[in-house]
Amino acid sequence: MSVELKNVTKQFENIKAVDNVSFKVEKGEFFTLLGPSGCGKTTTLRMISGFYEPDEGEIYIDERLVNGLPPEQRNTGFVFQNYALFPHMTVFENVAYGLKIRKVSKEEIKKRVSEVLSFVGLKGFEERYPHQLSGGQQQRVALARVLIINPKVLLLDEPLSNLDAKLRVYMRGELRKIQQSLKVTAIYVTHDQAEALSMSDRIAVMNAGKIEQIGSPAEIYGEPKTKFVADFMGLVNMIEGRIIKIDNSSQIIETQYGLIKSPLKEGVKEGDKVFILIRPESIEVVKSELKSEKGQLNEFYGEIKEASFTGSHVKYTIVIDKTLTLSAIIQDPLKKGILKEGSKVKLTFPIEGIHLLRY
Amino acid sequence: MLKNRRLTKETLIWLWIAAPIFMLLFLFVFWPILNVIFRSFIGDFGGFTLSYYIEFFTTRYFHKVFWNSIFVASLTAGITTFLGFLMAYTVTRTNAPLRNFFAAISYIPIISPPFVIPVTLILMFGRKGLFTYYIFKTGFSIYGWYGIVLSEIFYYLPYAFIVISGVLLSIDSTLEEAARQLGAKGFDSFRTVTFQLAKPGIIGAASMVFYLSMADFATPMMIGGNFHILATEAYFQVVGRGHTGFAAAISVILLLISFSAFLLSNKALGKRSYITVTGRGEITSLIRPTKPYVKWPLFSLCMLISIFIILVYALVAFNAFVKVPWVDYSFTLEHFTFEYLDLLNSFKNSLIMASSAALASSFIGVLTAFLVIRKKFLGKTFLDFLASSLFAVPGTVIGIGYILAFNTPPLVLTGTLLILILCVIFQKMPMGYLAAKAALQQIDLSLEQASRSLGAGIGTTFRKITLPLLSPAFIGAVMYAFIAAMCTVSAVIFLIAPGTQLIATTILEETALAFNISRGVALSTILIGVCLVAFLILRLGTKIKGTSLITV
């Protein structure tokens, strides 16, 4: 079922937690609200679930206005960050809770609990208490508990943040698979951009109560619209410059460190100040002595300040002209060889790895 | 190997520090209680006997006294816990206005003399009460079980409120949201989640009020009239008839009942640990918009309770300065003059006793808490149990025990001020102990470990890190213990002698035995004043030393 927010605002004391937010989540879509803590993403989710009422604006679930409707009448399934499993109930009782409240017959409850527990891979755990389960198992119980009531919309509030790193990556895939197989609409809240990129159909990046950008993971990462989005998505290589020439396929930007040629960006003209974003994984690094004059187009010279090897790749921190620091990520470093700290290098920026942001 | 040896050495050091506490507890708590138990089996002329118990359980009158006690304590526990729960729920869960005000007002009875409420009830509903005599001319008077229960409800409400709101606050609010979201309506979510998780707190609070009520002496003395309960009966047996052995047997029965209730309360409250949730969630407020038909009745109830409490103190203060309550309203100070009672001396005694007992009991309490929470040594769990169980030992039992234990060599203390001080130290020690325990549990152990790893020894760490962090709890404990010591009567009433009269026992005697309400009222006003000053000093003290430290 679709979910739509129209100009929703929520204020706590003097802080606008959510400020005039609008978006529409399509049926069956996996939609992620991404942003730093305090950006209003959880508040937005809580308003959809009915825990908070918006001060202004409308919320529609399945084209129906739900403002003022209590949580139990919205037919959403909320998975809490801490899972919120009832500590005084067994796994069975936790999962059966929603059906019991709906006065479903005992046999039916038994059948459906057993079904949903096998679906999440927890058959045989019925009589355990939450504190006897691991974090990952608790997570599955929390999921089973909402899936059993066939919610129209699944609302997930940082459900993976309490798991250890390996399990977290595994559960990303699991959650996505479950959502796909049930074709249920999901709204997912996280501050982890990798999580958002790997799971979502679309992402809304939020900052200070406002939506900065909505788009597919590729759009959000590849074409960030604002400095905040670029920064939050880990695009740290940002250089200020001024457009000096535009032709029909590209533009030339002058920076303090040299000239950069970038793919054409609409709506800019010669003389405009811009930010140049260079994706770290697109930069090529080769060993080379520093030249006295400035390099060719899309070429800078610098010195490696730090090389950090993580196995699959190596990340270089490179200083150019003492004032600019860039990150470059090189895949498969064992094959290409790792450059030592202090090495003089030449950086090349392929044009497709460059994105312009209006100043 | 090396590490093990060091650990054992440290363990030994702490045991050496804990040993004197054990000895003191043995000498001044255990030994008197043992004396009571022995005495209950020894005839007036020596030799083993069961005659006291046989008499108790075969005499109709004592049967009645026994059931009176159980009845009053159960009723008080039931009503108080119910009201305490509603108040705690209102304050922690609803968006009713004035929540902080209600919480603050409900604490007042804890820090004021226990006679104040009975005295006010007598003023309003006594034989010459405003309502019962002057307005409605009924023959009814509040003396009896209803007076006791009504007074104790207000006196113990803060205890129930504190325990239950503690439990309610510890229930993760997302659990209630999860229930709502899974389809439970407001009341269903309350019934299946909130109430279920609060149950241990409710049972704990109810059994706590039960044993506090069982042990209460001052209230039934003042407003019980001819309605006798175990604690007062034991007193009359000793003081009125000199039947010490029989009083000892009553005390043992009283002790057994109180102690069982204490064990129940301890068990229920200890079970709470499973509420703690895994991982951290976004902290969401527990306060929710509440349906008007829930909010306003709860609000009215809290308002009524608060108004009653304020009224109580206003009436006491007012009547202290009028000639005859409800008859002659002209201003007078005559109730404050009682040369023949040697009032000044009583005051001096009370102040000396209360301040020294408060300091000593808080010191021992804090030290014990430090040992129990932070250190490993033999008998640690036992020490914890002993220290907290003191709370449940009825003052009557302690009082009779002290008479028996310290009336004969080697330790003859009866008739001195010292025996009063010692008695109150150990009676009030749980206050300091529990306050310090709570404070220590909030101070992260890593602070002490950091100090140790930076090169400070055990002693320096204690002095420079632990002690400063504990000082707010210590100041708090001293002040509460001081107030409690100023107001206590149940044990000391057995131990006062002509030279060692206390102000609290004087009030009790004036109102309960001499039926002079006006004098009681006047003296109570002075005592309330002293308590108020102590309380303000406490607030000031913790403000200067504490607030920023507590939040570390």
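Each chain gets a letter, A, B and so on, in the order the sequences are listed, and its residues count up from 1.
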Exercise: identify the closest heavy-atom pair between I101(A) and G183(B): CG2-O, 3.2 Å

Salt bridge flag under 4.0 Å for residues K185(B) and E72(A): no

Rounded distance (nearest 0.5 Å) linking atom OG1 of T174(B) with atom CG of D157(A): 9.5 Å

Which portion of R145(A) sits near chain B, non-hydrogen atoms under 4.5 angstrom: both

K152(A) NZ: over 12 foreign heavy atoms closer than 6.0 Å: yes

Considering all heavy atoms, the nearest S189(B)-Y97(A) contact: CA-OH, 4.1 Å

Pairing residues for K210(A) by the side-chain hydrogen bond (donor to acceptor under 3.5 Å, both in side chains) criterion, not counting sequence neighbours: D19(A)

Other residues, nucleotides, ligands: >12 heavy atoms within 6.0 Å of D164(A) CG: yes

More than 12 heavy atoms of other groups within 6.0 Å of F12(A) CZ: yes

Identified side chain to side chain contact (heavy atoms under 4.5 Å, CB included) counterpart of P87(A) within the set V193(B), L197(B), I171(B), D172(B): L197(B)

Qualifying residues under ring pair (Phe, Tyr, Trp, His ring centres under 6.0 Å), relative to F195(B), sequence neighbours excluded: none

F86(A), part contacting chain B, at a heavy-atom distance under 4.5 Å: both

Least distance between heavy atoms, Q181(B) atom then I149(A) atom: O-CD1, 4.2 Å

From CG (L175(B)) to CE (M89(A)), nearest 0.5 Å: 9.0 Å

F78(A) and E177(B): CA distance, side-chain angles, deciding distance, side chain to side chain contact (heavy atoms under 4.5 Å, CB included) verdict: CA-CA 9 Å; F78(A) 200 104; E177(B) 289 180 341; 6.0 Å; no

